[in-house]
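Atoms within a ligand are numbered from 1 in the order they appear, just like the ligands themselves. Just so you know, these numbers come straight off a predicted model, no measurement behind them. Just so you know, residue 1 is the first one in the sequence shown, and it goes up from there.
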Amino acid sequence: MDMAESSAIGKIELGSTTVQELLAKGKGKGEQVPDKYIHKVTDGGIGAPSASSAALMDIPVIDLGLLLTPSSITAQQLDKLRSALTTWGCFQVINHGMTPEFLDEVREMTKQFFALPVEEKQQYLRQVNDIQGYGNDMVFSEQQTLDWSDRLFLSVYPEEHRKLKFWPQDPKSFSETLDQYTMKLQVVTKTVLEAMARSLNLDVNCFRDLYGEQGKMDVRFNFYPPCSRPDVVLGVKPHADGTIITLLLQDKQVEGLQFLKDDQWFRAPIVPEALLINVGDQAEILSNGIFKSPVHRVVTNPDKERISLAAFCIPESDKDIEPFESLVNESTPGLYKKVKNYVGIYFEYYQQGKRPIEAAKI
Ligand SMILES: O=C(O)CCC(=O)C(=O)O
Ligand SMILES: [Fe+2]
């Protein structure tokens with residue numbers, strides 16, 4: 001998430017090393033995972049990885065081509081979409097305008113970047129209290145349990161948010177491919193936001209208008225090295241996204257992402273040619289709780305590394321985010337207060353280990 005507001009709320013980040021650096025120094029191998037990565041039982045039920053193998057989710061794969069033009073949209077597809085977003089809060093899309101080869105190219109450049117020597121990646125290192133760049137989880141307290149993952153976080157849209165010094169020179173095609181990829185994602189985002197509105201019988205532009213023409217897109221490349229203690233270490237701790245929606249490109253071979261539903265964890269299936277799209281807290285608020293912003297986490301793998309690429313869509317910061325009027329009436333009261341610049345609120349709650357959306361509940 002965009003945590004650029006961190007300094008504004010007076011938090012000072014404590015420095016820490018990347019997982020890759022830790023492993024390069026020979027620490028974190030075997031049983032020697034440092035204590036600060038270990039989830040204790042006291043973290044509560046959902047914080048501690050469970051050894052039991054989670055069941056596979058049954059989420060629909062939606063053909064985006066059919067949602068592009070009003071003439072091809074059927075009630076059946078909209079039902080399928082609404083049903084996915086009210087139960088799981090996510091779905092997969094195919095026929096999104098990108099070939100499987102192109103998606104492989106994006107995955108490949110992600111792997112290549114993280115495979116660069118540690119010293120070479122240092123030039124892209126994120127500065128303390130800045131969100132953009134290469135690094136790990138932001139650390140604000142000695143008590144924080146750390147994620148077993150390294151990231152490269154880049155703002156891609158609007159273009160004036162780009163900090164090109166953090167865009168890798170190696171592999172050479174990185175910037176151009178990222179630019180192409182995110183341009184395609186802008187189209188996918190618009191189509192999905194429109195379909196979400198249609199599925200609730202709302203004005204087709206209502207989600208899009210609140211995202212705004214200058215709505216932000218930030219991307220986070222995630223790298224999960226193998227971990228010798230998958231029983232107690234998580235790649236990403238449980239969270240829901242503070243976005244309106246998030247578009248995720250998953251690793252093609254290695255699973256890891258899990259979603260919480262009815263207090264149980266379920267594995268997200270890999271569909272190589274698909275993007276996984278999930279609702280974020282801001283769409284849950286706008287839909288007055290009809291769409292679920294799902295809690296999810298990433299587990300670690302003892303033998304294999306994993307990559308993923310998340311694109312976070314964040315409404316313009318001056319938009320009032322509150323339940324759509326037409327979804328609020330006497331029998332269904334509004335469940336959320338009006339929020340603005342939700343990302344700032346998100347950050348503060350997240351760091352306290354609370355679900356940020358609680359702050360918006362009436
Ligand atoms: O790696 C994944 O599959 C998901 C990562 C994630 O949830 C995030 O970056 O917010
Ligand atoms: Fe997430």
Side-chain angles (χ1 to χ4, degrees), residues 1-3 18-19 46-47 49 54 56-57 59 88-93 103 106-107 110-111 113-114 126 131-138 146-156 182 185 216-227 230 233-261 265-272 274-284 291-301 304-314 342-343 346-347 349-351 355-357:
M1 279 306 317
D2 187 346
M3 290 161 183
T18 60
V19 179
I46 65 165
L56 204 61
M57 299 165 77
I59 51 166
W88 292 106
C90 62
F91 62 99
Q92 314 234 32
V93 285
L103 296 183
V106 176
R107 290 184 178 106
T110 306
K111 289 186 186 162
F113 171 74
F114 286 105
R126 178 172 78 67
I131 179 79
Q132 293 201 56
Y134 165 69
N136 60 348
D137 205 2
M138 291 183 114
L146 303 190
D147 291 341
W148 192 260
S149 59
D150 295 334
R151 298 97 191 249
L152 173 65
F153 190 107
L154 302 171
S155 286
V156 293
T182 52
L185 289 190
K216 266 179 86 171
M217 184 175 281
D218 292 338
V219 296
R220 185 159 104 179
F221 296 85
N222 297 303
F223 180 75
Y224 306 94
C227 178
V233 177
L234 286 171
V236 181
K237 55 186 145 309
H239 68 283
D241 295 343
T243 55
I244 183 161
I245 57 169
T246 303
L247 314 163
L248 182 76
L249 179 66
Q250 288 204 81
D251 195 289
K252 205 171 158 179
Q253 276 99 27
V254 184
E255 279 184 13
L257 177 61
Q258 300 188 343
F259 285 86
L260 189 68
K261 183 168 168 277
W265 289 104
F266 292 86
R267 285 149 49 218
I270 295 174
V271 179
L275 296 173
L276 189 148
I277 299 185
N278 69 268
V279 165
D281 288 354
Q282 301 199 48
E284 176 171 322
F291 293 153
K292 299 281 176 287
S293 170
V295 172
H296 52 285
R297 69 178 187 182
V298 178
V299 297
T300 47
N301 188 296
K304 296 175 190 145
E305 56 186 48
R306 177 176 183 271
I307 54 111
S308 70
L309 172 51
F312 302 113
C313 302
I314 300 159
Y342 182 73
V343 169
Y346 181 94
F347 179 74
Y349 267 66
Y350 182 71
Q351 291 309 335
R355 267 207 77 181
I357 202 162

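- Within the set F153, F312, F223, Y224, the minimum heavy-atom distance to atom 5 (C) of ligand 1 is found for Y224.
- Note on ring orientation: taking the six-membered ring where Trp is involved, the planes of F223 and F114 are parallel (angle under 30°, cut-offs 30° and 60°).
- Using a cutoff of 4.0 Å between basic side-chain nitrogens and carboxylate oxygens, K304 and D251 are not scored as salt-bridged.
- Between D218 and K216 there is a salt bridge, since a side-chain N of the basic residue sits under 4.0 Å from a carboxylate O of the acidic one.
- Taking atom 8 (C) of ligand 1 as the reference point, the nearest protein heavy-atom neighbour is R220 NH2, 3.5 Å.
- By the criterion of a heavy-atom distance under 4.0 Å, the side chain of L248, and not its backbone, is placed next to ligand 1.
- Under 3.5 Å, the side chains of R306 and Q250 contain a donor-acceptor pair of N or O atoms.
- In terms of the salt bridge (charged side-chain N to carboxylate O under 4.0 Å, His left out) criterion, residue partners of E255 (sequence neighbours excluded) are, by chain and number, R267.
- With contacts defined as side-chain heavy-atom distances shorter than 4.5 Å, the pair N278/H296 qualifies.
- At least one heavy atom of H239 sits less than 4.0 Å from an atom of ligand 1.
- Around the Fe ion (ligand 2), protein atoms of type N, O or S found under 2.8 Å number 3.
- Atoms of ligand 1 lying under 4.0 Å from at least one heavy atom of N222, given by number and element, are 1 (O), 5 (C), 9 (O).
- Contacts between Q250 and ligand 1 below 4.0 angstrom, taking non-hydrogen atoms only, are absent altogether.
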